[in-house]
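What follows is one structure encoded as structure tokens, with my remarks underneath.
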Amino acid sequence: MTFSMLKLFSLSITIFISIFPAYSSSVGLEKGFLQCFQKNLGHNTTSGVIFTKSNSFYEPLLESSIRNARFLNSSVPKPNLIVTPHNLFHIQLALLCSRKNSLQIRVRSGGHDYEGLSYVSYVPFLIIDLFNLRSISINMKEETAWVQSGATIGELYYSIANRSKVHGFPAGSCSTMGVGGHFSGGGFGTIFRKYGLASDNVIDAQIIDVNGNILNRTLMGEDLFWAIRGGGGSSFGVITAWKIKLVHVPPIVTIFDVSRTLDQGASNLFDKWQTITPMLPPELFLHTVVGATNSPSHGGKTVVISFTGLYLGTPQKLLPLMQNRFPELGLQQNNLTSMTWIQSVLHFAGYSINQSLEILLKRNQTSTSSKAKSDFVKEPIPLSGLEGLWNMLLSGNSSFFIIMTPYGGKMSEISESETPFPHRKGNLYGIQYSVNLVSNEEAPKHLDWIRRLYAYMAPYVSKGPRKAYLNYRDLDLGVNRGNSSYVEAKSFGLKYFNNNFERLAKVKARVDPGNFFRDEQSIPPF
Ligand SMILES: Cc1cc2nc3c(=O)[nH]c(=O)nc-3n(C[C@H](O)[C@H](O)[C@H](O)COP(=O)(O)OP(=O)(O)OC[C@H]3O[C@@H](n4cnc5c(N)ncnc54)[C@H](O)[C@@H]3O)c2cc1C
Ligand SMILES: *[C@@H]1O[C@H](CO)[C@@H](O)[C@H](O)[C@H]1NC(C)=O
Ligand SMILES: *[C@@H]1O[C@H](CO)[C@@H](O)[C@H](O)[C@H]1NC(C)=O
Ligand SMILES: *[C@@H]1O[C@H](CO)[C@@H](O)[C@H](O)[C@H]1NC(C)=O
Ligand SMILES: *[C@@H]1O[C@H](CO)[C@@H](O)[C@H](O)[C@H]1NC(C)=O
Ligand SMILES: *[C@@H]1O[C@H](CO)[C@@H](O)[C@H](O)[C@H]1NC(C)=O
Ligand SMILES: *[C@@H]1O[C@H](CO)[C@@H](O)[C@H](O)[C@H]1NC(C)=O
Ligand SMILES: *[C@@H]1O[C@H](CO)[C@@H](O)[C@H](O)[C@H]1NC(C)=O
Ligand SMILES: *[C@@H]1O[C@H](CO)[C@@H](O)[C@H](O)[C@H]1NC(C)=O
Ligand SMILES: *[C@@H]1O[C@H](CO)[C@@H](O)[C@H](O)[C@H]1NC(C)=O
């Protein structure tokens, strides 16, 4: 499709919308959409591209990448249609025809959104699911790759490993995450202290805007290119592909995993951990995962903390470093396992390091019903605060995990305004709290518990406002109600983006002034 055709396209939308009022029923909208799509597609079939509720693939397709069982509940609203584009023209048509028929769209890449925003809406809507658009093309000479948004991060890691043992990419751990949501919201993982976020390593992108224009970095302009590297994709357009810079990893990396209960001194170890890890060399990532474990001697349960590390180097170099900086952990030679970088990817994705790499290509995964929240810590939490936290964790009867991710290194070298992701220098570590909601009947009890935990933590975490990570989406932070005003959206906007929020809203005003791309936490036009 040429640009002049696209100009006509947008012109005809404007005329169409102003002449014909929206259908009142969503069935009418759906019909209108199908007619519009078919008409523009010409002789080609929509079979395999559009799935209506009566299609037997509709339900398995919808559920295929729901990554939170909370949204499998039959009372959660379902899309009128699911569009699975095979090419960019299908996306252009989906945008054109949904605008004409006042259907909202939700774009889904990997479906990992914690609040299900990529596939749940309370107005008539359709999903554009990008799973067919997942090609990955690697240019070893340039040390770059173009990755389509529907690829999973596991597919990307696999493709890189298939070409090189000494290249990698700094993104998250869970291999089924979609590149589309992950990159547009930031994306951190086990080598981010060395190389920054996934979004920090994006050098070009392809986006389809509200008028159906296909834009690369030059054409979209630096302000939009800035916005989609951390500001979330869902406010600006359909991002179809990303050009990334690959990074260097050594042929041998080292991991370790040490768990301690409170009886074994976990509290003091954690106290030490929180003061030293942000200052460790960037080659060393050492995060903690806090959970509960059975303990007959403590009337049932105690807190257990695992200290899990990845070092970009050999055990011979790591051991003296740990013995010097964190002797209390008592690491010894045989606590360290050396492996290739891609094996460490398997490990952090929850697989055995000896498993075949093809496991990274698996896209489906069962999930529990969960609720997550996030925080950033700027001052070490005093021991008294930690004691209270452990008590809080053992109160109630919730199954939970808390991941504490050390910052520092490269993250402190990038300014707060370089990309919309503002959580840089001055952060010791980030926190993710997650609770298993178990069932719909039990959900209120566990939701209440995690909200009380979050309230307990307030004195110990970032303030003015309390910060949060967009990719750990949390609707408790605030939502757009009805008119999506800038003022209202500040509630969540300042927490996710801090001083970058206003600039995001200005970019939004330029590229989508009519607020077509919207959801509960999209950025409204300034
Ligand atoms: C099990 C699990 C593990 C996780 N681990 C990590 C981790 O290690 N590190 C980390 O940083 N994060 C992690 N996350 C969070 C993850 O980064 C976010 O959930 C991310 O948004 C997922 O992207 P997705 O494409 O799978 O999600 P989706 O649900 O498909 O999309 C998320 C949001 O982005 C929008 N979007 C998706 N694709 C596009 C597109 N192509 N164009 C425009 N907008 C788009 C959606 O509309 C939605 O608003 C994890 C999440 C889960 C569930
Ligand atoms: C129509 O179908 C043909 C044959 O399958 C394909 O080559 C072409 O790309 C399709 N066009 C569109 C717009 O989908
Ligand atoms: C869906 O969730 C609602 C609210 O949590 C609950 O009342 C209802 O029982 C659930 N329905 C099913 C089928 O699980
Ligand atoms: C791995 O790379 C080779 C070329 O280097 C290619 O032929 C092969 O298809 C790739 N495998 C996969 C599964 O991508
Ligand atoms: C972006 O697209 C334009 C128009 O197709 C093209 O001239 C330009 O070279 C592209 N820029 C890059 C960096 O690829
Ligand atoms: C670490 O090594 C020591 C010495 O062999 C051993 O006693 C201890 O159990 C190991 N710890 C872990 C967590 O593997
Ligand atoms: C992986 O394989 C190696 C070599 O066969 C073996 O020594 C090691 O114990 C295995 N590790 C795991 C976690 O299975
Ligand atoms: C994933 O898909 C495979 C192949 O279709 C299937 O065998 C497997 O049961 C699925 N797993 C889950 C968890 O849905
Ligand atoms: C704790 O939760 C489990 C599983 O959700 C439940 O079976 C058990 O009865 C609960 N115990 C108490 C004391 O609430
Ligand atoms: C839109 O939101 C603003 C800010 O919350 C509010 O003042 C205004 O009344 C709202 N307008 C409508 C029409 O809801």
Side-chain angles (χ1 to χ4, degrees), residues 2-3 65-68 71 85 91 105-121 127-131 133-134 146-154 170-190 192 197-199 203-208 213-220 225 228 230-243 255 257 287 337-339 343 346-355 363 365-368 370 372 374 401 403 405 421 430 432 434 469-473 517-522:
T2 64
F3 278 102
S65 72
I66 290 185
R67 285 292 169 267
N68 190 338
F71 304 108
I91 299 178
I105 64 147
R106 291 296 166 101
V107 181
R108 184 164 76 170
S109 290
H112 281 53
D113 194 278
Y114 280 146
E115 299 277 10
L117 298 193
S118 57
Y119 53 85
V120 179
S121 178
I127 295 177
I128 299 180
D129 189 310
L130 298 175
F131 78 93
L133 298 178
R134 60 169 191 272
W146 270 104
V147 191
Q148 283 190 305
S149 286
T152 63
I153 197 69
S173 300
C174 171
S175 58
T176 52
M177 278 188 298
V179 157
H182 190 57
F183 289 8
S184 56
F188 73 81
T190 55
F192 90 128
L197 304 170
S199 55
I203 52 179
D204 202 340
Q206 184 183 55
I207 187 170
I208 306 190
N213 299 309
I214 300 171
L215 308 172
N216 61 14
R217 178 174 182 169
T218 313
L219 294 171
M220 78 178 81
F225 183 62
I228 58 174
S234 67
S235 307
F236 302 104
V238 182
I239 303 150
T240 50
W242 308 80
K243 186 179 186 184
I255 65 169
D257 197 347
H287 77 170
T337 312
S338 58
M339 59 186 68
Q343 284 181 304
L346 289 175
H347 176 76
F348 282 95
Y351 300 117
S352 158
I353 61 167
N354 288 336
Q355 209 150 349
R363 293 180 67 95
Q365 196 185 43
T366 51
S367 56
T368 58
S370 64
S374 66
F401 63 82
I403 306 180
T405 304
F421 182 99
Q432 176 187 192
S434 180
Y469 174 34
L470 176 70
N471 267 348
Y472 291 160
R473 172 127 29 223
F517 293 106
R518 64 196 291 172
D519 64 27
E520 286 77 357
Q521 288 190 337
S522 59

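First listed ligand is number 1; within each ligand, the first listed atom is number 1.
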Fill in the blank from the handout: Note: ligand 1 atoms sitting under 4.0 Å from heavy atoms of R108 are 30 (O)
Ligand 1 N/O within reach of [X] N/O, cut-off under 3.5 Å:
| X | value |
| --- | --- |
| I239 | yes |
| C174 | no |
| S184 | no |
| S173 | yes |
| G111 | yes |
| V107 | yes |

Looking only at heavy atoms, is any part of [X] under 4.0 Å from ligand 1, and if so is it the side chain, the backbone, or both, or is it neither?
| X | value |
| --- | --- |
| Y114 | side chain |
| R473 | side chain |
| S234 | both |
| R67 | neither |

If you measure from each heavy atom of [X] to ligand 1, is any distance below 4.0 Å?
| X | value |
| --- | --- |
| A198 | no |
| H182 | yes |
| G187 | yes |

Practice task
Identify which of Y469, Y472, F183, Y119 has a heavy atom lying nearest to atom 11 (O) of ligand 1.
Solution key: Y469
Handout entry: Closest to atom 18 (C) of ligand 1 (judged by heavy-atom distance), picking from L130, D519, N471
Key = N471
Problem - Given S184, S149, S199, the one that forms side chain to side chain donor-acceptor pair (under 3.5 Å) with W242 - result: S149
Exercise for the section: State whether the shortest distance between N or O atoms of D204 and N or O atoms of ligand 5 falls below 3.5 angstrom. Expected result: no
Problem - Nearest non-hydrogen protein atom, atom 14 (N) of ligand 1 - result: M177 SD, 3.4 Å
